[in-house]
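Heads up, the thing below is written out as structure tokens.
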Amino acid sequence: MAIDFVKVAVKWQEKWKNARAFESDPSSSKEGYYIQTAYPYPSGAMHIGHGRTYTVPDAILRFRRMQGFNTLYPMGWHVTGTPVIAQCEKVALKDKKTIDIMTRVFKIPKQDLKMLTEPVSFVNYFVDKASTGYKAGMKKLGIGIDWRRELKTIDPHYSKFISWQYNTLRKKGLVIAGKFPVRYCPHDKNAVGDHDLSEGEGVDIVEYMVYRFRCGDVFLPAATLRPETVFGVTNMWLNPKEDYVVASVSGEDWVVSRTAAEKLKHQHPESEVKVKSDFDVSKIFGKTCRNPVTGDEVPVLPASFVSGEFATGVVMSVPAHAPLDFMAVEDLKKDSSLLEKFGVDKSVVLGIKPVALIKVEGYGEFPAVDVCMRLKVFSQDDPRCEDATNEIYKKEFHTGVLNERTGKFRDIPVSKAKAVLSAEFRKENLIGSFFELSARPVTCRCGTEVVVKILDNQWFVKYSDEKWKKEVRDQISSMQFVPKDFKSSFDYTVGWLENKPCARQKGLGTPIPWDPDWIVEPLGDSTIYMAYFTLSHIVKELDSGKLDDTVFDFVFLKKGDAGEISKRTSVPAEKLLEMQESFDYWYPLRFNCSANELVQNHMSYSIFQHTAIFPKGKRQNGELVLGMGLLEGKKMSSSKGNVILIDDIAGSMGADMVRFFLLNMVEPWQDFDWRQRAVEKSMRGVQAFFSEVHEIALSVSDAKKIAEVDLESDDLWILSKINRSLKNATVAFEAFEVRKAIMSVFFDMSRDFRIYMEKSVSRSDTETVLAVKRYFADVWVRAIAPVTPHVCEEIWSALGNDSFVIDAAWPECEQGLINDAIEKSVELVETVISDIKNICEITGNQNLKKAVVFVSQKWKWLVVKEAMKLTTEKFDSGKVISEVMKNPVVRANGNQVPKFVQLIAKSIHELKETLVEVDEFEVLSGQADYISEQIGCKLIVESGENPSFDPLGKAKNAKPMKPAIYLE
RNA sequence: GCGGGGGUACCCGAGUGGCCAAAGGGGUCAGGUUCAGGGCCUGAUAGUUUAGCGCUUUCGUCGGUUCGAAUCCGGCCUCCCGCACCA
């Protein structure tokens, strides 16, 4: 009778629940094994992509549990953050697309939509109420979670924990205040990420350096990406066609473009930026301004290439190294009408000579001049000017060195100049910053153009701290990464990670304890929660108002005295101790699992913060990086409806089949592609085998043990095969190679078992075969139980067991039952059969009358064995021949030896690894009946030495493990 | 640009030094299952050749290491992913 996989799943989930099978507590007799998977952000329904994320650790934990570990798998809900808020707003506004996704894709009944207009209610709905939600989904997949420990990140207890976390970091100097440039929407009054944009995703913020050139009582703030060029300034450029204003910035009057003034308003939080007046640009041409670094007085001149849209609209001219500047000067020299218009004497321009500050291999003193000549650039409006600029900038950046003009900076490579100069000049307040978007337009979803804003008093986690980074690197080097290539990704992330803002002003979450206007942002409150899970079920019974930092200091860091803390907080001392012990028992975390896209943030922050807060040995030992999911070759996407919900698929296929295919498609860290048709096609076969084993289980529950019966060679063979597969599976599971483990247990073992069943059909009711079947069912059901636990419980109980299979011992490989000779013998028999069948087919011989096989001559075996012994690296045929000839048996066939040695030369290395000596004559004779049956005629086995019947002289072709064949 | 991972037959994909002309699936073709269709089953799916063999060509590309390379090394072409305030 076929098994109903859906019913079986429900049945056993209920039984586990009643038995509290997954409630894990510290134990003195068992070692703890704790894995955590990134808790989900429940903003919608759970689909198979999420399903895989939680099924992989579940299977690993079930395996470890059977190995005798005390396993822990807790789960929580990461609900802090803004996406839910955005969703609620959209539902409230009855946004068509959102409503469509909610009702059609997530299958939310229309009358429930009103619960989705408020963030907390929204979250609760998808966690607890929706049948398509996460909790329901995890339960339907049979994920073994200790639900007592469930939490939401807005729980008051959890908030106390986060407060403790940030207070602790701050005490260590790892949370600091500072300024930070962000992309910002002036309309929404909020920082915007890529997902908030309607165009301009991926556009960076670039920092221009600003030098303030004094000109009378105003300043000309020249913006540049190359601060070193301040040493080569010959004049200043403004564009007479642009609109300039006088703006008050930090107590100074700056002449900037009108656009720039607007941008500056967002960039100087310390003082208000105000436009004081329009500025008549024509009056300034011909006047001079003072270079703040060199002290030179340089003239202000008009140029058409200057744009008010970029940076300040004020540009310093460096004709030696900037083609545009050089051409603009040349343009003025050629045509002085513009100068005349502004009453500037031509001699001012004629007096401008380029000033060099960089030496570059392959160019003359003035690289910009060289390249303009070579590329035949004729004016600042010439498009080739851009090519010239690109060439010079690249060349100078990579190979240029500052010259003596730069004084103490000489010999510094240009590539390092920016960092060195800006650090130096900043100290002397000679230089400032102007932030600009690297490309445009960048538009918010609301339609407003995005600007750069400096956030003041922003709180940062100081990931740039070198001492901290060093500790993290040490920590990483002690950790295990699956797959192991990801270690380099983590190392790399540690390298580039800089200070990370950890607070924001909008959204759900925990307030920064010392600055409650700010809320800990969502990447900041999900880094060490794994530690909290070890005691969340205990702490949630306490009054959250009583929890303070000393409680957590005691619990996690063993600081303070339980009695004293208890007295002050009225948290019972035994609870404090229980929590401390619990953390102590479960930590370090064995593995933290998450998707590969989170390596460079969540997972890295988690390592950083564990390292900062917890002592060595109480952090995490490993990271498992999971791959992403595709559906029918395309990215899964709720908004496109390209998802399969766990609710649906578990209901139609049953939990075990979903689990089986999620785990079997690819290894955990690889991206998987769910193809429904392929799954359905192969599912039948998979289900059939489970049903078959179930039948067997029912029929063999009182069979004898294999030790109590006489075993024939076929029996020994299958026992050997079973144990070999088991060995492979154990190794694979330990390495997180779940797919490999399934291949070994399910495919290899079941294929071998089917062969065995076929071969033993004539004696299928003997007590020996029944004992073997029982042995197989007993081992197999336990070995596949981590993958398909529900159906395995069914089979396990059919075998007459009263306890759960999830609590059964992992079937260890019985090394003594692995038998190379037996396996080789069977291989030999199968080779002979398939060879004979092959020949018949090719020759069209439908009616085989006689089959004779000639096993290899003894001397050939001797030669092969000797050759294997002599060959360590290189095959030396001469040496082999002379050596084997010493043996009289071989010498008797001396004339054939050289040819044979040549023949085996090719395959000696492969033979070496696989050859096990078997008595071919005996094996084939013993199996002659079986072979005869398979090929449909009588089989005669002859020795290769002196065959009694060999009309075509085939016997001499026999090789070890490859008998010669004669057919009639 | 920086960093990570890839490119395997008609397609998807396994495969990390020799049992590899290369698993598995899909597709296609042929045959069967005696109404059609579906489903299911069997076989074929680089070429040539053959009494199981063998040979030739093939794993992005060009070279290298090796007795031996899809697998190791180097260059090149090319695709995907991440690069921060976003969960």
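Chain letters run A, B, ... following the sequence lines, proteins first, then strands; residues in each count from 1.
- Rounded to whole Å, atom C1' of B:C86 lies 11 Å from atom OH of A:Y41.
- A donor-acceptor contact shorter than 3.5 Å links the side chain of A:S606 to the backbone of A:T527.
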Filtered N/O pairs between nucleotides 2-10 of chain B and protein, under 3.5 Å:
{"from": "B:C2", "atom 1": "O2'", "to": "A:Y492", "atom 2": "OH", "distance (Å)": "2.8"}
{"from": "B:G3", "atom 1": "O4'", "to": "A:Y492", "atom 2": "OH", "distance (Å)": "3.3"}

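- In this structure, B:C59 makes no Watson-Crick or G-U wobble pair, since no nucleotide meets both defining distances under 3.5 angstrom.
- A:F747 comes within 4.0 angstrom of nothing in the nucleic acid, heavy atoms only.
- Among the heavy atoms of the strands, none lies under 4.0 Å from A:P181.
- With sequence neighbours excluded, no residue forms a ring-ring contact (aromatic ring centres under 6.0 Å, His included) with A:Y393.
- Distance check: A:N592 CG to A:M479 CE gives 7.5 Å after rounding to the nearest 0.5 Å.
- For A:Q600, the side-chain contact (heavy atoms from CB on, under 4.5 Å) test picks out A:T493, A:W496, with sequence neighbours left out.
- A:H50 pairs by the ring-ring contact (aromatic ring centres under 6.0 Å, His included) definition with A:H47, A:Y134, not counting sequence neighbours.
- Atom pair A:D748:CG and B:A23:C1' shows a separation of 11 Å (rounding to whole Å applied).
- Within the 4.0 angstrom heavy-atom criterion, only backbone atoms of the sugar-phosphate kind lie near A:Q670; the bases stay farther away.
- With P as the reference atom, B:G74 and B:U65 are 15 Å apart, rounded to whole Å.
- For the P atoms, the distance from B:G6 to B:C72 is 10 Å, rounded to whole Å.
- Atom name P, nucleotides B:G26 and B:C77: the rounded distance is 39 Å, in whole Å.
- Taking the P atoms as reference points, B:C20 lies 23 Å from B:C11, given to the whole Å.
- Residue-level contact check: A:P522 touches the backbone only, with heavy atoms under 4.0 Å from sugar-phosphate atoms and none from bases.
- Judged by Watson-Crick or G-U wobble contacts below 3.5 Å, the nucleotide B:G24 has B:C12 as its partner.
- For B:A21 and B:U45, the C1' atoms lie 13 Å apart once the distance is rounded to whole Å.
- Note: CE (A:M683) to P (B:C40) measures 12 Å, nearest angstrom.
- Partners of A:Y166 under the ring-ring contact (aromatic ring centres under 6.0 Å, His included) rule, at least two apart in sequence or in another chain, do not exist in this structure.
- Here the separation of B:C59 from B:A23, taken at their P atoms, is 16 Å to the nearest Å.
- When the C1' atom is compared between B:U49 and B:C55, the two are found 8 Å apart, to the nearest whole Å.
- Out of B:A23, B:A87, B:C40, the shortest distance to the side chain of A:R684 is found at B:C40.
- Between B:C62 and B:A69, the two P atoms lie 15 Å apart (nearest whole Å).
- Of the options A:K469, A:Q609, A:E498, a side chain to side chain donor-acceptor pair (under 3.5 Å) to A:Y463 is made by A:Q609 and by none of the others.
- For the pair A:F661 CZ and B:G25 C1', the computed distance is 11 Å after rounding to whole Å.
- The residue among A:T80 and A:Y605 whose nearest nucleotide of RNA chain B lies closer to the 5′ end is A:Y605.
- Under the 3.5 Å distance criterion, with hydrogens and angles disregarded, no donor-acceptor pair is assigned to the side chains of A:S43 and A:Q87.
- The nucleotide B:C67 finds its pairing partner in B:G18, both defining distances of the Watson-Crick or G-U wobble pair being shorter than 3.5 Å.
- With sequence neighbours left out, A:A595 forms a side-chain contact (heavy atoms from CB on, under 4.5 Å) with A:E597.
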What nitrogen or oxygen pairs link the protein and nucleotides 11-13 of chain B at under 3.5 Å?
none

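- A:K453 pairs by the salt bridge (charged side-chain N to carboxylate O under 4.0 Å, His left out) definition with nothing, not counting sequence neighbours.
- Counting to the nearest Å, the P atom of B:A23 and the CG atom of A:N664 are 17 Å from each other.
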Residues 736-751 of chain A, side-chain donor-acceptor partners within the protein, below 3.5 Å, at least two apart:
{"from": "A:R739", "atom 1": "NH1", "to": "A:N664", "atom 2": "O", "distance (Å)": "3.2"}
{"from": "A:R739", "atom 1": "NH1", "to": "A:M665", "atom 2": "O", "distance (Å)": "2.9"}
{"from": "A:S744", "atom 1": "OG", "to": "A:S725", "atom 2": "O", "distance (Å)": "2.8"}
{"from": "A:S750", "atom 1": "OG", "to": "A:F746", "atom 2": "O", "distance (Å)": "2.3"}
{"from": "A:S750", "atom 1": "OG", "to": "A:F747", "atom 2": "O", "distance (Å)": "3.3"}

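- A 3.5 Å limit on both hydrogen-bonding distances identifies no Watson-Crick or G-U partner for B:G38.
- Comparing A:N601 and A:W496 against RNA chain B, the residue whose closest nucleotide sits nearer the 5' end is A:W496.
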